[in-house]
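Worth knowing before you read on, the calculation uses all heavy atoms, side chains too, and leaves out hydrogens, waters and symmetry mates.
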Amino acid sequence: MSTLAIVCVGDECIILDSFTEQLKRNLGHSYAIEAAESGEEALEILADLEESGQEVALVISDYAIPGMNVDELLSKIHDQYPKTLKIVLTEEGGSQVVENAVNHAKLYRYIAKPWDETDLILTVKEALRRYKQEKQLVAQNERLKQLNAELEELNSQLEQKVAERTYELQQAVIAAEVANKAKSEFLANMSHELRSPLNTILGFSQLMQHSLNLDPQQQENITIINRSGEHLLSLINNVLDLSKIEAGRITLNESNFHLISFLDDLENMFQFKAEERGIELFCDRDPYLPQYVRTDRVKLRQILINLLSNAIKFTSEGNVLFKVEYQKHYGRVETDNLIDTFSITHHLYFEIKDTGVGIPRDEIENIFEPFTQTKLGRKASEGTGLGLAITRSFVEIIGGKISVTSQESCGSTFKFDIPIGLVEATDIEVKQPTRRVIALARNQPIYRILIVDDKWENRQLLRQILSPIGFDLKEATNGKEAIEIWEKWQPHLIWMDVRMPIIDGYETTKKIRLRECEIWQLGDRFPLPHFPTVIIAITASTFEEEESVIVGAGCNDFVRKPFREGIILEKMAHFLEVSYIYQEEKKVQEKFDNICETSLVQSISTMPQTWIEQLYQATESINNEEIFQLISKIPPSHNFLAETLTYWVNQFRCDRILDLIESIISNS
């Protein structure tokens, strides 16, 4: 870095020498000090210094100099060297010169003569300090400009990269959407192609099980066919479920249900399987389990079926423990008024522990990955390796976490927890027990039912379900035929397959609904007790969003393949208000006809007095819905009482319930 220079200007050599000497003495060798006896000489010195690359920080000039005056000199210095500071040595008579210099040449300061050396040096040092500050500020500004320019360049590059990346992401999203659409179409096709024939297999095997003409061997064969079909259906559902999970199309569907009955069903299902394997199934329930809960019942059931099935399948001796606990979690919630409140969440903890073969250490990390099976699982040649992958996904969708610990040859333990909601008994939908329909009840119209399906075997299945009951049936193989038959025959209800050639089920339904609107606007009326025609779609799709598409097309409801006979008849009863005659099993009749009245009296006497009074009022007014709600409140320890009351209601024997309650009242 070059030394800063100071130029002193004056025509009196003694004063000029004294001045420069004082500066050198006080400033040392930090600055180069030059002397000029005129303004012209001063400008030459300034030019030489600039050419040599040396900066002139300060010019100190006497007000009286030969040639050009001070005002002119300072103005030229200001024009050519605007950063250089200027000081004038003046006497009283030079005040006008100083004023002009201040106004036109931006004079830094003036010093009156005779000057005091101390004041002179302080003034010069202050001027030099200011020059350095301004120089530093200029350098900072230049650096800031450079940084701003670099920043603008970086921003420009970043914007370009963002634009490029955004374009790449957009292309990736488009590609992913195309892939997902293709995958969804593939899954829809596969679902249809696989579930449709299964619908026929399972449907006809169920119908054959009703036959009284089969010998024991034939009955066993039909049972094997039905069981194998159900197993195949579960494998297909696993593959489709995993595909829907990967596509993000599995959602949480919560419902209210009776937890104790839910667990009872699972225990009964697996007790038999455990006995077949020669092992014991221990069920350990928390005594404080809530009776009525809200969560995704279907997914929870599938989770437990997967885990219990694996535990029993891979345990050849010993036992399987099925443990359920209930816990409350307390949390702090911050509010706007700075007063903390506490929240309570309810959780169920499940543990399935077995004494089976266990999982090798090198395989346990990948046990929840799709299509992954242990060595023993592959040797067993059963399953698809999807059960645990689906189990983990379902647990996470419900809001829980699952873990596993295992030791080879010593068994495995699976644990998971899920959040639940607590509900009241009145929030539970009570379903009447399933009974086999054998005919239509008396004094009902002849219901006209149209079956629309392009597959003969599917139409035949529905015909064999509905024809023996007493319905009047017609068939159509495509949507065009269906519309023609509907126009002429005016059916009460249409079973509409959604996938058909020529015109599919969606378009057929839309055309029928449009025609109904036209007829209605013309003032005509259909000679039907139910207008418009009830249309129930039949679909092999497992996608939940299919429901909105079906309803949007104008269908009243839908059923999925493979369907059950009971579902078909139940839907018709709901929409057409059909009444059926049911076949009662002989064993069921004997069970409830010969029940001990004394034990019933003792059991019902344990119920609260308010409950007994409500049951009496509901029975007296034949309010079956309220009766079933009250029956749902009976504890599991008195299950035979609940079954008996349910049986009497279904047999229209409310008089027996009244007699039972009246006998309690009379005894008391």
Go through the side-chain N and O atoms of E662 and Y616 and say whether any donor and acceptor fall under 3.5 Å apart.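 Note: E662 and Y616 side chains meet the donor-acceptor criterion.
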Please tell me whether N306 and T391 have a donor and an acceptor in their side chains that are separated by less than 3.5 angstrom. yes
How far apart are the C-alpha atoms of F416 and F350, what are their side-chain angles, what is the distance that settles it, and do they pass the ring pair (Phe, Tyr, Trp, His ring centres under 6.0 Å) test? CA-CA 5 Å; F416 72 94; F350 295 89; 4.8 Å; yes
How far does [atom1] of [X] sit from [atom2] of [Y], to the nearest 0.5 angstrom?
X	Y	atom1	atom2	result
S393	Q302	OG	CD	12.0 Å
I512	C517	CD1	SG	12.0 Å
Q617	I612	CD	CD1	12.5 Å
I451	W495	CD1	CH2	9.5 Å
S309	F314	OG	CZ	10.5 Å
I446	L440	CD1	CG	7.5 Å

Report the residues that fulfil side chain to side chain donor-acceptor pair (under 3.5 Å) with [X], sequence neighbours left out, ordered by chain and then residue number.
X	answer
D284	none
E267	R285
R463	E475
Q291	H258

Can you check whether [X] reaches [Y] side chain to side chain, under 4.5 Å on heavy atoms?
X	Y	answer
L645	I634	yes
Y580	E570	no
F575	D557	yes
I279	N319	no
I418	I420	yes
L304	F270	no
V534	I494	no
D354	N310	no

Return each pair, listed once, that meets side-chain hydrogen bond (donor to acceptor under 3.5 Å, both in side chains) where at least one residue sits in residues 464-473; pairs must be two or more places apart or across chains. none
Could you name each residue pair satisfying side-chain hydrogen bond (donor to acceptor under 3.5 Å, both in side chains) that touches residues 268-278, not counting sequence neighbours? none
Output all residues satisfying salt bridge (Lys or Arg N to Asp or Glu O under 4.0 Å) with E254, sequence neighbours left out; order by chain, then residue number.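 For E254 the salt bridge (Lys or Arg N to Asp or Glu O under 4.0 Å) partners, ignoring immediate neighbours, are R294.
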Residues passing the salt bridge (Lys or Arg N to Asp or Glu O under 4.0 Å) test with E457, sequence neighbours excluded, are none
Distance-minimising heavy-atom pair for [X] and [Y]:
X	Y	result
S579	Q444	O-NE2, 2.6 Å
I550	A537	CG2-CB, 3.7 Å
L450	A482	CD2-O, 3.9 Å
L576	Y447	O-OH, 3.6 Å
R392	I402	CG-CG2, 3.9 Å
T509	A553	CG2-O, 3.4 Å

Apply side-chain contact (heavy atoms from CB on, under 4.5 Å) to the pair Y582 and V437, showing each step before the final yes or no. CA-CA 5 Å; Y582 298 91; V437 175; 3.6 Å; yes
Can you list the residues that meet the side-chain contact (heavy atoms from CB on, under 4.5 Å) rule with [X], with sequence neighbours excluded?
X	answer
H329	Q327, T345, H347, Y349
Q614	T610, L630
T413	E351, K353, T405, K415
E424	T426, D427

Backbone N or O of [Y] within a donor-acceptor pair of the [X] side chain at under 3.5 Å?
X	Y	value
R448	W489	yes
T355	V320	no
N458	D453	no

Quick one, V578 with L569, criterion side-chain contact (heavy atoms from CB on, under 4.5 Å). Give me CA distance, side-chain angles, the key distance, then yes/no. CA-CA 9 Å; V578 177; L569 297 173; over 6 Å; no
With side-chain contact (heavy atoms from CB on, under 4.5 Å) as the test, would you mind laying out the steps for L321 and I352 before giving the verdict? CA-CA 6 Å; L321 171 66; I352 293 88; over 6 Å; no
Does the gap between the ring centers of F262 and F257 come in under 6.0 Å?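 Centroid distance F262-F257: below 6.0 Å, so yes.
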Using side-chain contact (heavy atoms from CB on, under 4.5 Å), reason through I536 and I568 one step at a time and then give a plain yes or no. CA-CA 10 Å; I536 304 178; I568 296 295; over 6 Å; no
